[in-house]
> 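Following this message is one structure expressed as structure tokens.
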Amino acid sequence: MVVLVIGGSGSGKSEYAEEYIITRFPGRKKYYIATMQVFDKEGQAKIERHRKLRSGKGFLTIEQPVSIEQALSKMERLPEAENIALLECMSNLVANEMFSTKPPRPCEQVTERIMQGIRALDKGLKHLVIVTNNVFEDGILYDETTLEYMRAMGNVNERLAVMADRVIEVVAGIPVTIKERK
Amino acid sequence: MRLVIGGYAQGKLNYVLRSYQGDHYMVTDAAIPSEGQLQEAVAENKKIIINHFHNWVRERISKRGNPEQEISSLLENDPEIIIISDEIGNGIVPVDVFEREYRERTGRILVNLADRAEEVVRVICGIGQKIK
């Protein structure tokens with residue numbers, strides 16, 4: 001089962017997603033698939049903040065900046081796909097998949113690679129919560145490279161939402177349900 | 001305290017004013033009320049509306065103030081206050097350090113305010129959606 005959590009910067013989407021998993025699966029082992037790569041002090045501080053939020057909550061961290069399906073092989077094999085994971089964050093995964101090659105991979109390729117990976121994760125896991133970012137509403141006309149990135153994010157989000165049983169937008173820390181599969 | 005959020009030019013102030021027809025109110029623009037304004041509001045039974053709250057946060061950050069603490073102490077006595085803010089976090093993470101900090105801190109402040117608010121409304125196309 002896939003749950004998609006979307007929000008802007010500082011919206012409280014991570015806190016919500018973590019809380020979501022913790023309250024539904026108390027006392028169980030949970031994987032945290034981290035996609036962010038650290039290049040500087042600010043990135044380091046961001047990761048520290050997230051680590052603190054997660055500490056003592058039973059998350060095991062797997063660093064997986066690209067080829068997201070490989071996170072599966074780093075998990076303990078539980079019978080019948082009993083594993084639970086939180087993937088954070090799609091915006092970094094899309095950036096990493098796009099810009100890890102020169103020239104950057106085009107939008108369609110990025111979308112395809114990521115969706116293949118997510119389908120594999122979904123198959124191998126009992127519950128997958130994905131955090132993604134709303135990068136679409138600042139009204140700035142960006143350069144072509146950034147627009148290509150935004151298109152990839154949009155495509156990925158759209159396809160994830162189709163897969164997802166539940167899509168939740170977090171607005172100022174408040175969850176607003178966008179989709180709920182009955 | 002009530003919180004009203006939404007995108008740029010979505011009719012947030014109009015939405016608030018519509019729901020306060022007949023009431024006395026004072027509107028501060030990109031500023032929190034001064035001590036004098038607070039006293040006036042109490043004396044004349046006026047509701048306080050802080051418009052463009054995000055611009056106040058931006059200003060305080062740029063002047064190396066502490067907007068988190070300043071707004072928190074204003075709300076301590078639970079005054080009847082409506083805070084209107086743009087949602088500014090739904091975009092590409094900016095390259096500029098200050099712009100990034102502004103978005104991140106404003107977002108966190110709004111999460112905190114939403115948590116404390118009796119009511120949170122998101123306005124789009126002039127229409128308010130009560131989300132809390």
> Show the nearest heavy-atom pair for residues B:Ile61 and B:Tyr102, with the distance to one decimal.
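In terms of heavy atoms, the two residues are closest at CD1-CA, 3.9 Å.
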
> Only counting residues at least two apart or in another chain, list the ones meeting side-chain hydrogen bond (donor to acceptor under 3.5 Å, both in side chains) with A:Asp138.
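Expected list: A:Tyr142.
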
> Does this structure show an ion pair linking B:Glu104 with B:Arg108, if we count only N-O contacts that are shorter than 4.0 Å?
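A salt bridge is present here (some side-chain N lies under 4.0 Å from a carboxylate O).
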
> Taking B:Gly7, B:Gly91, B:Ser85, B:Gly89 one by one, which has the highest count of heavy-atom pairs under 4.5 Å against chain A?
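The residue among B:Gly7, B:Gly91, B:Ser85, B:Gly89 with the greatest pair count is B:Gly91.
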
> Report, by ascending residue number, the residues of residues 34-43 of chain B in heavy-atom contact with chain A at a distance under 4.5 Å; give 'none' if the set is empty.
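At a heavy-atom separation under 4.5 Å, chain A is reached by no residue of residues 34-43 of chain B.
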
> For a quick check under 3.5 Å, do A:Tyr20 and A:Arg166 share a side-chain donor-acceptor pair by atom type?
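Present: a donor and an acceptor within the cut-off.
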
> Taking every non-hydrogen pair under 4.5 Å, which of B:Ile109, B:Asn90, B:Thr106, B:Val111 racks up the most with chain A?
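Most heavy-atom pairs within the cutoff with chain A belong to B:Asn90.
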
> For chain A, which residues of residues 114-132 of chain B have at least one non-hydrogen atom nearer than 4.5 Å to it?
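Interface residues of residues 114-132 of chain B: B:Ala114, B:Val120, B:Arg122, B:Ile131, B:Lys132.
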
> A:Ile174, A:Val176, A:Thr146: which one forms the most heavy-atom pairs within less than 4.5 Å of chain B?
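The candidate making the most pairs under 4.5 Å is A:Ile174.
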
> Quick check: is A:Val131 connected to A:Ile33 through a chain of hydrophobic side chains (ILVMFWY, heavy atoms under 4.5 Å apart)?
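Hydrophobic grouping puts A:Ile33 apart from A:Val131.
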
> Within the side chain of A:Thr177, is there an N or O that forms a donor-acceptor pair under 3.5 Å with the backbone of A:Lys179?
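Looks like no, no N/O pair under 3.5 Å.
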
> Relative to chain A, which segment of B:Arg105 carries a heavy atom at a distance below 4.5 Å: side chain, backbone, both, or neither?
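Neither part, no heavy atoms under 4.5 Å.
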
> How about A:Gln64 and A:Thr35: does a side-chain donor come under 3.5 Å of a side-chain acceptor?
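Looking only at side-chain atoms, A:Thr35 and A:Gln64 do not form any donor-acceptor pair under 3.5 Å.
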
> Could you go through A:Arg159 and A:Glu112, starting from their C-alpha distance and side-chain angles, then the distance that decides it, and tell me whether this counts as salt bridge (Lys or Arg N to Asp or Glu O under 4.0 Å)?
CA-CA 10 Å; A:Arg159 290 175 65 176; A:Glu112 218 31 69; 3.4 Å; yes

> Heavy-atom distances under 4.5 Å only: say whether B:Ile5 touches chain A with side chain, backbone, both or neither.
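Contact with chain A: side chain only.
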
> Using non-hydrogen atoms only, which part of A:Lys13 is less than 4.5 Å away from chain B: side chain, backbone, both, or neither?
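A:Lys13 has no heavy atom closer than 4.5 Å to chain B.
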
> At a 4.5 Å cut-off on heavy atoms, which part of A:Met150 comes close to chain B: side chain, backbone, both, or neither?
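Side chain only.
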
> State, without any angle test, whether A:Arg54 and A:Thr61 hold a side-chain donor-acceptor pair at a distance under 3.5 Å.
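Yes.
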
> Does A:Lys102 have any side chain to side chain contact (heavy atoms under 4.5 Å, CB included) partners at least two apart in sequence or in another chain, and if so, which?
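None.
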
> Can you tell whether the side chains of A:Lys46 and A:Glu42 come within less than 4.0 Å, N to carboxylate O?
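Salt bridge: no.
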
